[in-house]
There are 2 protein chains.
Amino acid sequence: MNISERKKQILKSIVENYIETAEPVGSRAISEGLGLSSATIRNEMAEMTSLGLLEQPHTSAGRIPTSLGYRIYVNELMRSHMLTISETEEINKSLKIRMEQLDKAISDAGRLVSELTNYPAYALAAVNTPVTVRRFDFIQVDPRTLIVVLMLSNSTVKNRLMNLTRPLDEGFLLKLGAVFNANFTNCPESEMDSTLISSVERATGDIYGISASIASFAIRALSETENKKAFVAGASHILEHPEYRDWEKAHRLMNYLSESENVFRLPVPEDNSDVKILIGSENVAEELKDSSVVVAKYELGAGVEGLLGVVGPTRMDYAKVAASLSYIAKGMKALVDGKENHLPVLGNEKSADE
Amino acid sequence: MNISERKKQILKSIVENYIETAEPVGSRAISEGLGLSSATIRNEMAEMTSLGLLEQPHTSAGRIPTSLGYRIYVNELMRSHMLTISETEEINKSLKIRMEQLDKAISDAGRLVSELTNYPAYALAAVNTPVTVRRFDFIQVDPRTLIVVLMLSNSTVKNRLMNLTRPLDEGFLLKLGAVFNANFTNCPESEMDSTLISSVERATGDIYGISASIASFAIRALSETENKKAFVAGASHILEHPEYRDWEKAHRLMNYLSESENVFRLPVPEDNSDVKILIGSENVAEELKDSSVVVAKYELGAGVEGLLGVVGPTRMDYAKVAASLSYIAKGMKALVDGKENHLPVLGNEKSADE
DNA sequence: CTTAGCACTCTCGACGTAAGAGTGCTAGCA
DNA sequence: TGCTAGCACTCTTACGTCGAGAGTGCTAAG
């Protein structure tokens with residue numbers, strides 16, 4: 001979109017004023033800041049309205065940005081936000097999560113984002129390489145109790161306690177280990193079918209009826225690991241924003257976010273970009289047409305990558321939200337690399353301002 | 001509270017009518033149902049208002065029950081609700097959860113309750129016996145990688161992958177196992193202090209610097225297991241109820257529920273009772289003074305017990321909510337006992353009606 | 001003790017009005 | 001030609017009035 005520099009400055013003032021006050025902004029409100037008379041600004045506003053960058057709730061109200069208006073602001077005018085020292089300190093402190101429990105780490109990251117931005121946040125993780133069992137181990141606790149330990153190809157370990165109906169013979173345990181390690185390791189979930197299982201059952205001469213349980217445990221462990229996980233935090237924050245004071249709007253959005261299938265369908269940043277921003281009508285889901293989504297990608301090594309996002313009104317503090325998300329997403333990566341004391345510091349590298 | 005049988009019937013009609021319509025109920029509305037003229041009912045209503053069982057939003061409106069009015073309804077008048085066949089089937093189906101992951105089972109139960117009742121639900125679990133490590137095992141994956149497997153006294157198993165800076169000597173692993181099993185088993189978290197750890201470090205002659213990691217892993221595993229867990233599901237349901245159409249009320253309650261410390265402080269049923277109901281002002285927390293809480297206790301064996309509760313407006317369908325909670329709480333117990341096809345069927349055992 | 005009747009009170013929605021905000025347009029000025 | 005002061009116009013919002021409707025409390029009669 002090619003518009004004059006002056007129009008851009010006016011648009012910028014309108015967007016920032018509107019983000020702050022949540023009220024349609026009139027020509028007078030920004031005339032001083034720009035050193036132009038309100039009449040001049042009115043003329044420009046009228047043109048921008050017909051260009052589709054601004055709209056009026058009604059004839060005698062000020063202007064508010066359209067999705068397109070926000071889009072231009074985000075692409076060309078937004079000055080990248082600088083997190084305060086105390087904010088980065090808070091993030092750094094919170095990020096020192098115990099990473100053993102992947103789920104918890106991810107949901108905590110979501111919570112952190114939500115608290116920081118005061119918008120509902122979501123976090124999701126997916127494993128993008130097929131996972132296999134790398135190794136089976138069996139620990140005999142007592143004659144009728146067995147612990148099955150699986151080491152998976154992504155370096156996670158799963159275990160399960162199993163009870164037997166009759167005392168276990170030691171030789172059987174060795175055979176069980178040999179057969180499972182020979183047949184099931186490096187075998188993706190999809191190939192673990194019933195014929196494989198029954199052939200293993202024969203090979204071990206299983207009189208305890210336990211091979212099938214072990215196999216199904218392995219299958220479940222793999223599918224659990226490969227399954228996507230979604231967490232939503234701070235959904236109630238949307239009630240703080242005037243655009244959701246209407247309970248039906250709030251309810252619709254909260255309902256949408258409480259279904260994890262919907263969360264999985266939220267947008268994904270392009271590979272080359274840091275943060276993706278979808279504004280209002282740019283969203284495909286009907287329920288999000290008057291909300292915006294800001295999302296960042298993070299990696300956790302071991303083939304795990306995921307998204308960290310924020311949902312809020314189109315009148316969102318995009319600069320701050322994008323900065324926070326980007327910082328936290330990078331921080332998660334750094335955490336895994338063990339450099340938790342060297343978190344990146346976001347600067348003005350993306351400034352489009354003078 | 002000693003009031004005439006007729007007053008009770010009137011109170012019952014008022015409560016049930018109000019639960020259904022959410023509008024103050026006038027004398028005319030219930031006169032036919034009881035075979036009394038509206039004037040008579042008005043007289044009774046006036047007395048019950050001065051007794052504190054009813055109140056009027058304003059002079060010319062109908063009556064609504066006070067907390068005390070609901071209390072009498074719940075204690076003496078409520079007819080225990082019969083779940084429909086399809087409801088019990090839905091519950092039974094949903095309850096066949098994979099119980100391996102305690103957390104998931106509990107949060108799923110909360111979700112189920114919320115879906116069934118259309119109120120926000122919470123689920124929490126606590127281990128009420130001290131947990132210890134019953135057994136340490138070490139699996140060597142490769143010279144520099146080790147899996148530590150802990151079997152805890154409550155029959156859960158925890159594991160952790162550890163990387164070493166130098167290749168592992170086999171004899172060391174055996175010694176490690178011997179020392180840990182001798183010193184740390186049956187030892188509650190509180191006694192695993194630094195002096196014990198350093199004495200173990202000496203005993204193993206640990207040149208890998210790994211004893212401390214194992215010990216701290218064990219400590220964390222115990223504290224994680226003993227820690228209470230809280231889940232809240234379906235918080236957005238409150239927006240469906242007219243008493244929370246005011247966004248500030250809704251926000252206050254949702255905020256309250258999003259803090260897990262608050263959830264832990266919610267009421268606990270007495271030992272002899274099935275379900276505990278706290279109505280409006282009976283709640284201690286300021287944020288719940290105009291809401292009600294219904295809570296049931298469940299047990300999961302292995303010393304795990306927890307609460308399953310519902311939060312909603314005082315105008316709540318107590319009968320149905322109590323029935324659902326009680327059914328599900330019993331169902332969870334039955335599940336663990338392996339009787340998943342013999343879930344209890346709730347009847348009218350608590351009817352106080354004719 | 002119950003109930004029909006009635007006057008009274010209070011809420012709620014409709015309506016009209018005035019104030020205020022912001023616009024678009026016109027005309028004058030650099 | 002571009003900027004701006006001024007003004008008439010439009011639309012929202014708040015406010016007050018008014019009448020309808022709902023429900024009550026009281027009284028008096030059965």
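Chain letters run A, B, ... following the sequence lines, proteins first and then strands; every chain starts at 1.
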Is the distance between the ring centroids of A/Tyr318 and A/His81 under 6.0 Å? no

Output the rounded distance in Å from [atom1] ([X]) to [atom2] ([N]).
| X | N | atom1 | atom2 | result |
| --- | --- | --- | --- | --- |
| B/Arg63 | C/dC10 | CZ | P | 14 Å |
| A/Gln56 | C/dG24 | CD | P | 5 Å |
| A/Ile10 | C/dG22 | CD1 | P | 16 Å |

Checking side-chain contact (heavy atoms from CB on, under 4.5 Å) for the pair B/Val310/B/Val293: CA distance, chi angles, key distance, verdict? CA-CA 6 Å; B/Val310 158; B/Val293 177; over 6 Å; no

Its contact letters, B for base, S for sugar-phosphate only and - for none at protein heavy atoms under 4.0 Å, make nucleotides 8-16 of chain D read --BBS----

Using the closest heavy atom to pick a nucleotide of DNA chain C for each, name whichever of B/Arg6 or A/Ala61 lands nearer the 5' end. B/Arg6

Show your working on side-chain contact (heavy atoms from CB on, under 4.5 Å) between A/Asp290 and A/Lys249 and close with a plain yes or no. CA-CA 10 Å; A/Asp290 50 353; A/Lys249 273 194 180 172; 3.6 Å; yes

For DNA chain C, find the residues of residues 28-48 of chain B with a heavy-atom distance under 4.0 Å and give them by number; none if there aren't any. B/Ser37, B/Ala39, B/Thr40, B/Arg42, B/Asn43

Salt-bridge contact A/Lys320-A/Glu87 (side-chain N to carboxylate O under 4.0 Å): yes

May I ask you to decide whether A/Lys8 forms a salt bridge with A/Glu76, counting only side-chain N to carboxylate O separations under 4.0 Å? yes

Apply side-chain contact (heavy atoms from CB on, under 4.5 Å) to A/Leu53 and A/Thr49, showing your working. CA-CA 6 Å; A/Leu53 307 184; A/Thr49 305; over 6 Å; no

Provide the closest heavy-atom pair for B/Thr314 versus B/Tyr70 in the form atom of the first, atom of the second, distance. O-CZ, 3.4 Å

Any chance you could lay out the side-chain contact (heavy atoms from CB on, under 4.5 Å) test for B/Ser114 and B/Tyr122, step after step, and finish with the verdict? CA-CA 8 Å; B/Ser114 175; B/Tyr122 63 94; over 6 Å; no

